[in-house]
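Contents: one structure, followed by commentary.
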Amino acid sequence: MVAGWGEAHHGIAAQDVLALLEADRDRGLGEDEAARRLGAFGRNALPDAPGPGVVMRILLQFHHPLVYVLLAAAAITLLLGEVVDCAVIMGVVLVNAAVGFVQERKAEAALQGLRSMVRTRARVVRDGAAELIDSEEVVPGDLVLLEAGDRAAADLRIVRCAELAMDESALTGESVPAQKEDLTLPVETIVADRRNMIFAGTLVTAGTGTGVVVATGEHTELGEIHRLVGAGELLATPLTRKLARFSRDLTVVILALAAATFGAGWLHGQDLGDTFTAAVALAVGAIPEGLPAAITIVMAIGVTRMARRGAVIRRLPAAETLGSTTVICSDKTGTLTENQMTVHAIWVPEIGELAVSGAGYAADRGSIEVAGGLEAHLGRDGALRWSILVAAACNDAGLHEEEGRWSAVGDPTEAALLVVAAKAGLHQRHVKERYPRVATIAFDSRRQYMATLHVAAERDASHVVLAKGAAERIVSLCAAQLEPDGTLAALDTDAIEAAVASLSQRGLRVLATAVLTDVAPSRFSEEALEGSLVFTGLHGMWDPPRVAAVDAVRACRTAGIDVKMITGDHAETAWAVARRVGLVDDAQDGDAVLTGPELARLDPDSRGDAVARATVLARVSPEQKLRLVESLQARGHVVAMTGDGVNDAPALRHADIGIAMGRIGTEVAKDAADVVLTDDNFATIEAAVEEGRGIFDNLTKFITWTLPTNLAEGLVILIAILLGTALPIQPTQILWINMTTAVALGLMLAFEPKERGIMTRPPRDPRQALLTPTLMARIVLVSAILVGGSWWLFEWEVANGASLAEARTVAANLFVAVEAFYLLNCRSLEGSVWRIGLLSNPWVVVGIAVQACAQALFTYLPVMNRVFGTVPIGGEAWVRILAVGALASLVVGAEKWIRARARRAAPPVP
Ligand code: ATP
């Protein structure tokens, strides 16, 4: 908002808004003035969402069924006069809340940090020149330029616009794009109807526009909503929700069991206080307290790892889904290739192919080789001269040179054309003077060409149309071709097609050029151009495949993931590039390539098969991308789809994982995507899939590790009550075991590096349960060892004259020992810990050392003895404890080994 001024900008004419904001309609603000305003109004950013306050967040930590159970237990133990027990239970509740609070804050901070990695930029006019700035630097009075795909950085009053449509769903919830116009509205018009305003955070779906900034940061309409809504649910994913439901159900079951235990004890005529204590022990023992914290932490670590490798997760469920991806549909240009185009060859009628030397954007190094000399050709009014003129003038890119280093802004395809024109001596700035442009039909992937209308100063100020685009499309617009000497001839489509094929087969992207001289400006429309242009030539440009893509494609294949190339480019070009990155080889049959037009002709039934078989899908329109996603999903695939344009948004939204390009992608695409690649690189997708699998593995490892303890604790208590014997471990001891081991031992699995074979196994079926029958069997096995081991040691101690307290101390330490040894097994779900390296996760070693110290205190420190009812035990007892622990680890190791042998003997059917 601007000081000293009202808010009804929609009720004032555009020029008056400009005057009030002291902004020039064409020159925008001056740099100095913009800097001053930035100081005065602050950065154009929203403050952190308020969300629940610290006190509320702490209170929320107690809002779990498990904690209610514990609090009730604490209250009743207090009533029964068991002050120490009550204090321990309360201690656990508080420690649990503190750990939960700290971890949640850390995880949220990590995810929030990721959001800022995807920066948005804004195009503003400053001192009369358009420039790209960080959207946080936009100030009131700035003139902002918008085109399809952009996101508005601030609230704007429209100054001028053409066919501008905005997606305002972020603000109004209305998904139909709103048409915008420059008009003055009644002051009372509501926000949703302010057709002359553009609001921060909304997206341009079509057209272009210029607006003057009237509000930034928290003063925008979005800022208002942001304040009202606060922070969303950040850490929930389908899996976490499923697990939350699981623990709620578990709590109910456990409470019922605890009640049954209490009832059994009562019927046996046991002491009510003791029976109640036992029921509490069962309840607290059987609930996996560490699980929610572990999930949050594993997710946060995994997502941070992905970001470090260039894949920023925008929606958390994607982190999970990535691990199950079965098909990746990738763009060609920029993802599998570098998007660094260089024209290598030009083809003109009657002359044939001309080689172009030089590499990259260096316009001063390289030339066009033509018999008879280039000068002579350019001197005539023939096809070569006009084709190069089209390259230079029908072009929106820009070339810059600084100290011999050349760089380009805009579309790399167009930059390559500027370079080849410059190599022929035709520089953009001269062309702009001699052929000023008066109108444009912009390129879009559906239209497949671009045309511009110019005034030709040297041709008596008559008008000329210059056009370039996909070869088939341009040829379809042409009625004739230009000869080397400037005469018109009949279109030789056979020769052109042969030339296109020859260039494409070498992996060159082909653009055709065409012209129309002496036209009436009123005839510059899409319809009027059909069938009236004159063909002038072809440009073949080379875009080197990304080196990393070759390995990444191979890795995906090994991991059972199908990779498909979806491109707007020519089938032959796409095929040649696909061959270079290892997607296809020459032995493959014709089914491996499918074009958009072929796809359109197929009936819905055979479409699915054809898509599934094809590896290269060429000349595909963005609309068809959506259909591709649907037909692959209908076959049960989990589809990751890349995209960058406005029209890609529906496909990105529909795919299981929509992936947008961070560099070349539009804001609309990024908004629709679940993942944004900071480097646009295909190899990053593969890396993200690998990390996604890692997240799942580590979660599964934690669950496989924690459940046996809970199961065994519950069973030990249940059996003791049913048999009417003394409890081998007490409730307070159980709490100690669960809390300390979850933090010191279990959480260390979150830092587990990915296993070596992670990309050699097939994708996980997302419908598959987290725990496979193998893992369930292992959980039962370890529980049995825990129950048997603790019972045996407890009885042995008692039989050999130890006190009840001593025997219980031994049993409690046994639980921890088995957990520590079993933790090593859990570092790999299938392989042996020796194979992955005992020290490859140093955190596990640190955790075990910390737990060992904690157990020493638990056993020998007098105050702990009083609190937990433990007593010091002798060295021999420790030997027995450690022996059972080691035995448990050996048994699990043997179980894995036997399974591995069985697997090798009978490999799974692919
Ligand atoms: P990919 O999907 O692999 O990223 P792409 O998106 O670059 O490919 P399109 O942009 O749809 O594919 O281009 C399709 C065809 O349109 C190209 O083969 C080319 O012949 C032509 N073309 C591309 N860019 C332009 C442009 N700026 N002006 C005119 N024609 C173009």
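Counting starts at 1 for both ligands and their atoms, following the listed order. None of these values were measured; they are calculated from a predicted model.
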query: Are D680 and R663 ion-paired here, with the side-chain N under 4.0 Å from a carboxylate O?
result: no

message: Please work out, at 4.0 Å between heavy atoms, whether the side chain, the backbone, both, or neither of D569 comes within that distance of ligand 1.
response: both

- request: Can you sort out which atoms of ligand 1 are near D411, meaning under 4.0 Å from one of its heavy atoms?
  value: 24 (N), 27 (N)

message: Could you check whether E667 pairs with K670 (Lys NZ or Arg NE/NH1/NH2 to Asp/Glu carboxylate O, under 4.0 Å)?
response: yes

query: Which atoms of ligand 1 have any heavy atom of A470 under 4.0 Å away?
result: 20 (O), 21 (C)

message: Applying salt bridge (Lys or Arg N to Asp or Glu O under 4.0 Å) as the test, list every pair that has at least one member in residues 345-355; sequence neighbours left out.
response: E353-R506

- prompt: Which heavy atom of the protein is the closest neighbour of atom 31 (C) of ligand 1, given with residue, atom name and distance?
  reply: F443 CE1, 3.2 Å

N-O pairing of D150 and R123 below 4.0 Å: yes

query: Taking distance alone, with no angle check, do Y449 and ligand 1 share an N/O pair under 3.5 Å?
result: no

- line: atom 11 (O) of ligand 1 sits nearest the protein heavy atom S445 CB, 3.3 Å

message: Out of all atoms in ligand 1, which are within 4.0 Å of some heavy atom of L511? Include the element for each.
response: 19 (C), 20 (O), 29 (C), 30 (N), 31 (C)

task: For Q481 and D492, test the side chains for any donor-to-acceptor distance below 3.5 angstrom and give the result as yes or no.
output: no

field: Ionic contact status for R151 with D671, cut-off 4.0 Å
entry: yes

field: Any protein heavy atom nearer than 4.0 Å to atom 18 (O) of ligand 1
entry: yes

- prompt: Under 3.5 Å, N or O to N or O, is T413 touching ligand 1 that way?
  reply: no

- request: Determine whether the side chains of T342 and Q340 contain a donor N or O and an acceptor N or O closer than 3.5 Å.
  value: no

task: Heavy-atom contacts with R619 under 4.0 Å: which atoms of ligand 1 show up? List them by number with element.
output: 15 (C), 17 (C), 18 (O)

Let me check something: any side-chain donor-acceptor pairs from residues 203-210 under 3.5 Å, sequence neighbours excluded? List them with distances.
{"from": "T205", "atom 1": "OG1", "to": "A165", "atom 2": "O", "distance (Å)": "3.2"}

query: Do any N/O atoms on T567 end up under 3.5 angstrom from N/O atoms on ligand 1?
result: yes

field: K468-ligand 1 polar pair, N/O distance under 3.5 Å
entry: yes

D381 bridged to R459 by N-O distance under 4.0 Å: yes

Geometric N/O contact R509 with ligand 1, under 3.5 angstrom: yes

- request: Report the part of I566 (side chain from C-beta onward, or backbone N, CA, C, O) that has a heavy atom under 4.0 Å from ligand 1; answer both or neither where that applies.
  value: backbone

message: Considering both backbone and side-chain atoms of A471, is one of its nitrogen or oxygen atoms within less than 3.5 Å of a nitrogen or oxygen in ligand 1?
response: no

- prompt: Where does V620 meet ligand 1, judged by heavy-atom distances below 4.0 Å: at the side chain, the backbone, both, or neither?
  reply: neither

message: Check this for me, if you would: do E483 and R385 make a salt bridge, where the nitrogen-to-carboxylate-oxygen distance has to be below 4.0 angstrom?
response: no

- line: Near V510 (heavy-atom distance under 4.0 Å), the atoms of ligand 1 are 20 (O)

message: Can you see whether S387 engages H539 through a side-chain donor-acceptor pair at a distance of less than 3.5 angstrom?
response: yes

- request: Between E414 and ligand 1, find which residue part has any heavy-atom pair under 4.0 Å and reply side chain, backbone, both or neither.
  value: side chain

query: If you count the atoms of ligand 1 from 1 in the order shown, which ones are under 4.0 Å from a heavy atom of G568?
result: 1 (P), 2 (O), 8 (O), 11 (O), 12 (O), 14 (C), 15 (C)

- request: Check the angle between the aromatic planes of W386 and Y435 and answer parallel, tilted or perpendicular using the 30° and 60° thresholds.
  value: perpendicular

